[in-house]
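Worksheet: the structure to be examined is printed underneath.
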Amino acid sequence: MVQFTEITDFTAPELDVYARLTEAQLLNRFEPKKGMFIAESPKVIMRALDAGCEPVSLLVERNHVNEEAAEAIRRCGDVPVFTAPLDVLTKLTGFQLTRGMLCAMRRPQLKTVEEVLENVKRVAVLESIQNPTNVGAIFRSAAALGMDAVLLTPGCSNPLYRRSARVSMGTVFQVPWTYVEEDWVERLRSLGFKTAAMALKDDSYSIDAPELRNAEKLAVVLGSEGDGLTETTIARCDYTVKIPMYHGVDSLNVAAASAVAFWELRSR
C-alpha cells in the first residue's frame, strides 16, 4: 500500500532533488550513473515508466490525486511519495506544478548512434538548440510527424530537462535519441543517410523536391534559435532546404519550422 508522507521539513535531504538541485547537478556529468531527472505531470511520468525509467520518489499535490495521478503513483511501486498543499509545493519548488505531480527518476544510459539509427529512415539532427521549450516541442513534432529518431550535438539543451520533457508531452521517452560528436555528418553518410540542412539560403532545394522525398534515408538538420546552422554544417550537408514563406516573413521559430519539415520530408 502506498504511504504518503506529508512535508513538514523543507530541509529534508529527500527533497533536494525537487527544491535545491539545478538541472546541471541532476545531470551529474562526472558520475553519469548517479544522474537523475524530473518528470512532471502524470502523462509524462507514465511515458517515462513505459520506457523503462526507474522512479526514485514522487512529489504530489495533496488535492490533485485524480485517477490518472493515482495510476502513476501505483505504477511507481513502493517509492516514497511526498505530499503537501499546492501553495507549499509551489514555495518548495519555485514553480507551479503541472497537474500537481513530479517524479524523480534515474537517468537511462545513453544509446550509441548506431543503436539509435538501427532500421531508421528519417532522423532529425539538432545543432546547438539551447532552449528547453524548443527541444521539447521538436521532439513532440518528431514523434507526431514521421521522424524515427533524434540526434543532438553537445551544445543542445538536454531532452530530459524538466521543461523539455513536459513540453514534449513525454515523447522524449518514445523517440530514440542520443548525442553525436563533431564528425556526425560523415558518420551519417557512412550509415547511408543523405543530409538536408534547413537554412535561409536562396540557392536551396524546395522542401517538396523529389530528391528529398524519395531519399531512402534522410537526416533533417536544424540549427540554433538565433543563428541557425553554421556555414560549415551547411557546406558539409548534401542538400540545403528552405521553407517557402509569404507576406514578407523571413523565418520561423525552429520548433515551428521542424513541424513543417518533418511532415514534408517524412518517409513515404
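Please read all numbers here as calculations on a predicted model, not as lab measurements.
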(message) Measuring from atom CZ of F193 to atom CG of L218, what distance do you get when rounded to the nearest 0.5 angstrom?
(response)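 That separation rounds to 8.5 Å.
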Please check if atom [atom1] in [X] has more than 12 non-hydrogen atoms from other residues, nucleotides or ligands closer than 6.0 Å.
X: D227; atom1: CG; result: no
X: K194; atom1: NZ; result: no
X: D78; atom1: CG; result: no
X: K111; atom1: NZ; result: no

So which atom in [X] and which in [Y] form the shortest heavy-atom distance, rounded to 0.1 Å?
X: A149; Y: L117; value: CB-CD2, 4.4 Å
X: Y179; Y: S157; value: OH-O, 3.7 Å
X: I129; Y: I138; value: CD1-CD1, 3.8 Å
X: P42; Y: E68; value: CB-CG, 3.6 Å
X: V241; Y: A196; value: CG2-CB, 3.9 Å
X: N158; Y: S164; value: O-OG, 3.6 Å

(message) With side chain to side chain contact (heavy atoms under 4.5 Å, CB included) as the criterion, how do W184 and L152 come out once you've worked through the C-alpha distance, each side chain's angles and the decisive distance to 0.1 Å?
(response) CA-CA 10 Å; W184 59 266; L152 306 97; over 6 Å; no
Do [X] and [Y] have side chains that get closer than 4.5 Å, going by heavy atoms?
X: E23; Y: L26; value: yes
X: S57; Y: M36; value: no
X: W177; Y: L151; value: no
X: M147; Y: V220; value: yes
X: Q109; Y: K33; value: no
X: I73; Y: L58; value: yes
X: F173; Y: L49; value: no
X: M169; Y: V44; value: no

Modelled atom types, side-chain donor and acceptor of [X] and [Y], under 3.5 Å:
X: R166; Y: S41; result: no
X: N134; Y: E225; result: yes
X: S204; Y: Y239; result: no
X: R163; Y: N131; result: no

(request) Given salt bridge (charged side-chain N to carboxylate O under 4.0 Å, His left out), test D50 with R75 step by step and report yes or no. (result) CA-CA 10 Å; D50 289 342; R75 289 190 55 191; 2.8 Å; yes
(request) Go through E61 and T83 one step at a time and tell me if the side chain to side chain contact (heavy atoms under 4.5 Å, CB included) criterion holds. (result) CA-CA 6 Å; E61 180 190 342; T83 185; over 6 Å; no
(message) For E114, give me all partners under salt bridge (charged side-chain N to carboxylate O under 4.0 Å, His left out), at least two apart in sequence or on another chain.
(response)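 Expected list: R187.
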(request) Check whether any side-chain N or O of T22 sits under 3.5 Å from a backbone N or O of Q25 as a donor-acceptor pair, and report yes or no. (result)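 Yes: the side chain of T22 pairs with the backbone of Q25.
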(message) Let's go through L15 and I7 carefully: what are the C-alpha distance in whole Å and the side-chain angles of both, what is the deciding distance for side chain to side chain contact (heavy atoms under 4.5 Å, CB included) to 0.1 Å, and is it a yes or a no?
(response) CA-CA 9 Å; L15 300 177; I7 295 173; 3.9 Å; yes
(request) Give the C-alpha distance, both sets of side-chain angles, the deciding distance and a yes or no for salt bridge (charged side-chain N to carboxylate O under 4.0 Å, His left out) between K201 and E231. (result) CA-CA 11 Å; K201 299 284 187 179; E231 291 296 331; 2.9 Å; yes
(request) Could you note down all residue pairs passing salt bridge (charged side-chain N to carboxylate O under 4.0 Å, His left out) where residues 119-148 supplies at least one of them, sequence neighbours left out? (result)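 Every pair satisfying salt bridge (charged side-chain N to carboxylate O under 4.0 Å, His left out) with a residue in residues 119-148: K121-E216.
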(message) If you apply the rule side chain to side chain contact (heavy atoms under 4.5 Å, CB included), what do you find for Y161 with I38, and how did you get there?
(response) CA-CA 7 Å; Y161 283 171; I38 301 296; over 6 Å; no
(request) Assess the pair Y18 and F10: is the distance between their ring centroids shorter than 6.0 Å? (result)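 For Y18 and F10, the ring centres are not under 6.0 Å apart.
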